[in-house]
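Letters go in sequence order (proteins before strands), and every chain restarts at 1.
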Number of protein chains: 2
Amino acid sequence: MTPRLRDANAPARRAQRARWQSSVLAALKRDDHFRSAQQLHLDLHTTFATSIALTTVYRILRRLTTQQIVETQRAENDELLYRIRDDSGHHHYLLCRTCGRAERFAVEPFERRIDSFASAHGYADIDHRIDIYGTCAECHAGSSRPTKT
Amino acid sequence: MTPRLRDANAPARRAQRARWQSSVLAALKRDDHFRSAQQLHLDLHTTFATSIALTTVYRILRRLTTQQIVETQRAENDELLYRIRDDSGHHHYLLCRTCGRAERFAVEPFERRIDSFASAHGYADIDHRIDIYGTCAECHAGSSRPTKT
DNA sequence: TTTGGTGCAAAACCTTTGCATTAGG
DNA sequence: CCTAATGCAAAGGTTTTGCACCAAA
């Protein structure tokens, strides 16, 4: 009874591995903004009419992050935000605290200064966190009207 | 009967205002390293033999921060760290993730770049987070011995 | 008495985890 | 049958908050 080849099943298994993963990816692919797990969970319920559990959203996002399919960014309130990764490498962003829109910000020269400063002071295992937060033009226009003019 | 001047009482009231505040300040003043509220609470119990509650430590630290007497810094694991403020103004530090030692790191030119970049992109209410973490020479020397030599 | 500092327990909040259930091959 | 995904509830960890109590003036 020639058992089905294990290797041949692999793609199928992978495709089926996470029933919800494709939905999460679809929600992420709506745009390139950073979103929290909870926002995604909400989107999946409303826009995508799925009944996925929040826990599963977290699990799938963690797996996708490990696989470098999504990248994460910390929000001002320390939540983790996720978005589809467009290329490889680690970047720093100017992030809209309202809509999650992100503008890549070059920091290489500054990072070099950090490293030389750190080694000059005898520090090892240097790591850094550079996050810029603001309100993008679109979000600012929408909310900066205390009363109707 | 010239009632005591209310203003004259102010210092006394202030001194008494927080029974534990002086202890917390004493614990902070042991050195200029950044410490978490929980570390301070532990110190107060052990070294200072006080029985202050953790909640109160948090409350006092929050008040001192508001009064600009202490400054805060976020640890790599997002805990809030506190230390006595030596001068006014906001600074960024290279922080030892083991002992809380901090080296001030000048970032003004970089901050200017951030602001111009942000306004060029139409973002408002810009804020940023620049934190550098490492292991200082002393801590590195102490812990980088997997087994006794 | 009045004000407000204090302690304890519980809540808040995001994220992870334990465990039993279920889906799919 | 067997593996792995899933859902639910609960835990984890830091910081805050509600509430009763107590201390000082």
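Of the charged side-chain nitrogens involved, none lies within less than 4.0 Å of a carboxylate oxygen, so that A/D131 and A/R97 do not count as a salt-bridged pair. Note on A/D78 versus B/R74: salt bridge recorded, some NZ/NE/NH1/NH2 to OD/OE distance being below 4.0 Å. By the 4.0 Å N-to-carboxylate-O rule, A/R104 lies close enough to A/D86 to be salt-bridged with it. With respect to B/E138 and B/R101, a salt bridge is recorded, a charged nitrogen being found less than 4.0 Å from a carboxylate O.
Atom CD in B/E76 sits about 15 Å away from atom P in D/dT14, given to the nearest Å. Taking atom CH2 on B/W20 and atom P on C/dT6, their separation rounds to 8 Å, with Å as the unit. The distance from atom CD1 of B/I52 to atom C1' of C/dC8 is 14 Å, rounded to the nearest whole Å. What separates CG of A/N77 from P of C/dC14 is a distance of 8 Å, to the nearest Å. Rounded to whole Å, the distance from CD on A/E79 to C1' on C/dA12 is 13 Å. Rounded to whole Å, atom C1' of D/dT15 lies 16 Å from atom CZ of B/R63. Remark: C1' of D/dG7 and CD1 of A/I60 are 12 Å apart, rounded to the nearest angstrom.
Checking the phosphate oxygens (OP1, OP2) of C/dG7, a side-chain nitrogen or oxygen of B/T56 falls inside 4.0 Å.
Taking the six-membered ring for Trp and the full ring otherwise, the centers of A/H128 and B/H92 sit at least 6.0 Å from each other. Centroid-to-centroid, the aromatic rings of B/Y93 and B/F34 come within less than 6.0 Å.
B/H121 and B/F117 have tilted rings, their planes meeting at an angle from 30° to 60° on a 0 to 90° scale. Using cut-offs of 30° and 60° on the angle between ring planes, the pair A/F110 and B/F110 is parallel.
For the atom pair OG1 (B/T135) and CD1 (A/I126), the distance works out to 7.5 Å, reported to the nearest 0.5 Å.
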Pairs: protein N or O with nucleotides 16-21 of chain C N or O, under 3.5 Å:
none

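Within residues 32-48 of chain A, no residue has any heavy atom closer than 4.0 Å to DNA chain D.
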